[in-house]
Number of protein chains: 2
Amino acid sequence: MAVSPPPQAPPTRLLVVEDDDTIRETIAEALSSEGFEVDAVGSGSTALERFKGSPDNPSCDLVLLDLMLPGVSGLDVCRYVRRRGFSTPIIVVSARDSETDRVVGLEIGADDYLVKPFGMRELVARCRALLRRSARNGDSGAKEVLRFEDITLYPEECRVTRGGQEVNLSPKEYRLLEVFMQSPKRVWSRDKLLERVWGIDFMGDSKTVDVHIRWLREKLETNPSAPTYILTVRGFGYRFG
Amino acid sequence: MAVSPPPQAPPTRLLVVEDDDTIRETIAEALSSEGFEVDAVGSGSTALERFKGSPDNPSCDLVLLDLMLPGVSGLDVCRYVRRRGFSTPIIVVSARDSETDRVVGLEIGADDYLVKPFGMRELVARCRALLRRSARNGDSGAKEVLRFEDITLYPEECRVTRGGQEVNLSPKEYRLLEVFMQSPKRVWSRDKLLERVWGIDFMGDSKTVDVHIRWLREKLETNPSAPTYILTVRGFGYRFG
DNA sequence: ATAACACGATTAACATTTGCGTAGAGCTAA
DNA sequence: TTAGCTCTACGCAAATGTTAATCGTGTTAT
């Protein structure tokens, strides 16, 4: 397959729910080292907080859920998540090994049921398989059009307009703008931008960002030397809006 | 007013691939009694015949695949199915129990890996869970004629015309055009196209896409070097329209 | 206030990537 | 066999990305 594409997509976010500190850490580490962004919590109630928002805007892309939790059990979490309308993929992880346990877990809305102890390679493979399946169904593909004042960015079409006029951006310029528009007002350091747009393995100078910002301004701003969209925050970086 | 007939959903069709007659019968019976339509075959080569058609017209909705088959192995079947671009859910069923076996199975494109012996209730639960997850794809059967300007694509007949004139496309060219026409304006990266048209485990170069795009333009465009249908989006991929 | 300094802006030279077009080899089916 | 399809390889040209040197401007210490 071709060279992996630059990180135009934000990293996949996994929620790990497990009360045993050792296991939780092991899992979190294994998944992090595979490039996932891991949010590891130790209780069901904390897990529930991650699903307070709208199902259209889930705070994670996949849940690893231990069943035997003190207080709010894993089954409760699963039920709650589904009842609230989230279709986030869930892999249940449990020491309970009976067929009935598995069936109940799956029927309650989990996508997979993995019995402890298990190997990290299998865990990762199952996560990947499930994410692959979910991605294909476009659950996560609902990229919304981003707007700010008279600027519009169409993620599906890699296209930007200002005041209805097409703006022709290079890939780096486009991704910079995309990152900016995904969180207006937020200040981005050069390093964070490099990480988001160029990828973690970029080894060059952070000054590179300056140049691309300049070019982006050239194409977006009315007066590139007195920008109104992409603002400089001296000593910190840049922000949009 | 007449009573409207109950909206009858077509039954879910499962393909069971298992060489052991007893096991195959047991599985087929268990699944039939759950309301599934079961197509049980005893060899890999027979299974392959079920995937001769177009990925948009799969002959089944889920595959239960034994790995240890005489002749064409289960892994071969899985690989073939994915390589041809089918996204049909696959549950691998195997006596092989090592973590490596499972990881390989999942990485090759299976959605789940179930170790023999297993209970029928769990099997059914896993089928249901997987179908539930895949269901969002839902539009199996839509098969509408796709039009854009003077180009028309007839999915049922795998046929394309431009200005009423028949355009003779190879399978890859046809699939490419089909993917494009299913979402006009949308930008497709080479990798995404490989995934959609070639299947997830295609191991070749993404430059391959370029060449097929070239051929497609050759047959579709008035001036292939100045395309008006299939446009290049430098740094991102291609788009239609 | 002003000089020294730090940081960002700007530009141009240079390097790399990307896409196009072509040719040819491997494979399969008629 | 021939013919069609698929994939890989290579060279070219243009677009894009990176580096580095210089210029401006705001900040700070004296």
Side-chain angles (χ1 to χ4, degrees), chain A residues 1-8 158 160 167-177 187-191 193-194 196-199 201-221 223-239, chain B residues 48-49 52 54 80 83-85 158 160 167-177 187-191 193-194 196-199 201-221 223-239:
Chain A
M1 191 88 67
V3 188
S4 70
Q8 61 181 56
C158 300
V160 175
V167 181
N168 205 321
L169 299 181
S170 80
K172 289 277 188 288
E173 289 155 12
Y174 173 82
R175 279 177 195 140
L176 267 177
L177 184 60
V187 177
W188 291 87
S189 71
R190 289 171 175 72
D191 282 344
L193 287 172
L194 280 178
R196 262 300 178 86
V197 177
W198 275 257
D201 51 344
F202 178 77
M203 282 300 151
D205 199 300
S206 72
K207 290 278 177 163
T208 299
V209 176
D210 297 35
V211 178
H212 287 273
I213 292 280
R214 161 73 181 144
W215 290 340
L216 187 50
R217 281 172 170 165
E218 198 78 50
K219 295 178 180 178
L220 266 193
E221 305 277 357
N223 178 2
S225 296
T228 60
Y229 299 111
I230 301 159
L231 307 175
T232 302
V233 184
R234 201 185 167 80
F236 294 97
Y238 300 95
R239 77 161 209 262
Chain B
L48 291 186
E49 284 170 21
K52 287 297 180 198
S54 157
Y80 175 86
R83 189 164 289 161
R84 289 225 39 210
C158 297
V160 175
V167 181
N168 204 323
L169 299 181
S170 79
K172 287 278 186 287
E173 289 155 10
Y174 173 80
R175 283 282 299 142
L176 266 177
L177 184 60
V187 175
W188 291 87
S189 71
R190 289 171 175 72
D191 283 345
L193 288 172
L194 280 177
R196 281 279 177 145
V197 177
W198 276 257
D201 67 336
F202 176 79
M203 291 317 267
D205 198 283
S206 72
K207 284 287 168 64
T208 299
V209 175
D210 296 35
V211 180
H212 287 270
I213 291 281
R214 163 84 179 131
W215 300 138
L216 187 50
R217 281 173 170 165
E218 200 78 51
K219 295 178 181 178
L220 266 193
E221 305 276 357
N223 177 2
S225 296
T228 59
Y229 299 111
I230 300 158
L231 306 177
T232 302
V233 185
R234 185 169 243 273
F236 293 100
Y238 299 95
R239 76 162 206 261

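Naming: A, B, ... by sequence-line order, numbering from 1 per chain. Reckoned from all heavy atoms, side chains included, excluding hydrogens, waters and symmetry mates.
- Contact of the B:Phe236 side chain with the A:Pro171 side chain is registered, since non-hydrogen atoms from C-beta on lie closer than 4.5 Å.
- Note on ring orientation: taking the six-membered ring where Trp is involved, the planes of A:Trp198 and A:Phe202 are tilted (angle from 30° to 60°).
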Sugar-phosphate means primed atoms, P, OP1 and OP2; the rest is base. With that split, encode nucleotides 25-30 of chain C 5' to 3' as B, S or - using protein heavy atoms under 4.0 Å.
------
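- Atom P of nucleotide C:dT10 and atom CD of A:Glu221 are separated by 11 Å, given to the nearest angstrom.
- Side-chain contact between A:Arg190 and A:Tyr238 is present, with at least one heavy-atom pair separated by less than 4.5 Å.
- At least one side-chain nitrogen or oxygen of B:Arg217 sits closer than 4.0 Å to the OP1 or OP2 atom of C:dC20.
- Taking B:Arg234 as the reference, nothing meets the side chain to side chain donor-acceptor pair (under 3.5 Å) condition, with sequence neighbours excluded.
- The CG-P distance, from A:Leu231 to C:dC7, rounds to 20 Å in whole Å.
- For B:Glu221, the side chain to side chain contact (heavy atoms under 4.5 Å, CB included) criterion is met by B:Arg217, B:Pro227, B:Thr228, B:Tyr229, B:Ile230, not counting sequence neighbours.
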Any N/O pairs under 3.5 Å between the protein and nucleotides 5-8 of chain D? List them or say none.
{"residue": "D:dT6", "atom": "OP1", "partner": "B:Lys172", "partner atom": "N", "Å": "3.1"}
{"residue": "D:dT6", "atom": "OP2", "partner": "B:Ser170", "partner atom": "OG", "Å": "2.4"}
{"residue": "D:dC7", "atom": "OP1", "partner": "B:Trp198", "partner atom": "NE1", "Å": "3.0"}
{"residue": "D:dC7", "atom": "OP2", "partner": "B:Trp198", "partner atom": "NE1", "Å": "2.7"}
{"residue": "D:dC7", "atom": "OP2", "partner": "B:His212", "partner atom": "NE2", "Å": "3.2"}
{"residue": "D:dT8", "atom": "OP2", "partner": "B:Asp205", "partner atom": "N", "Å": "3.3"}
{"residue": "D:dT8", "atom": "OP2", "partner": "B:Thr208", "partner atom": "OG1", "Å": "2.9"}

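- For B:Tyr238 and C:dC20, the shortest distance from a side-chain N or O to OP1 or OP2 is below 4.0 Å.
- At whole-Å resolution of the value, CG in A:Leu216 and C1' in D:dG17 are 15 Å apart.
- The separation between B:Glu218 atom CD and C:dG21 atom P is 9 Å, rounded to whole Å.
- A:Asn168 is not listed as a side-chain neighbour of A:Lys219, based on a closest heavy-atom distance of 4.5 Å or more.
- Considering only heavy atoms from C-beta on, A:Cys158 comes within 4.5 Å of A:Tyr174 through its side chain.
- Proximity of B:Arg214 to the phosphate of C:dG21: a side-chain N or O atom is located under 4.0 Å from OP1 or OP2.
- Atom CZ of A:Phe236 and atom P of D:dG26 are 18 Å apart (whole Å).
- With rounding to the nearest 0.5 Å, the separation of CG in A:Leu176 from NE2 in A:His212 is 7.5 Å.
- Under the side chain to side chain donor-acceptor pair (under 3.5 Å) criterion, A:Lys207 pairs with no residue, sequence neighbours left out.
- Remark: A:Tyr174 is not in phosphate contact with D:dT16, judged by side-chain N or O atoms under 4.0 Å from OP1 or OP2.
- If you measure from atom CG of B:Asp210 to atom C1' of C:dT18, you get 9 Å, rounded to the nearest angstrom.
- Exactly one residue among B:Val167, B:Leu220, B:Val197 makes a side chain to side chain contact (heavy atoms under 4.5 Å, CB included) with B:Leu177. That residue is B:Leu220.
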Every protein N/O lying under 3.5 Å from an N/O of nucleotides 22-24 of chain D:
none

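- Closest heavy-atom contact between A:Asp191 and A:Ser206: OD1-CB, 4.1 Å.
- One finds no side-chain N or O of A:Ser225 lying less than 4.0 angstrom from the OP1 or OP2 phosphate oxygen of C:dA9.
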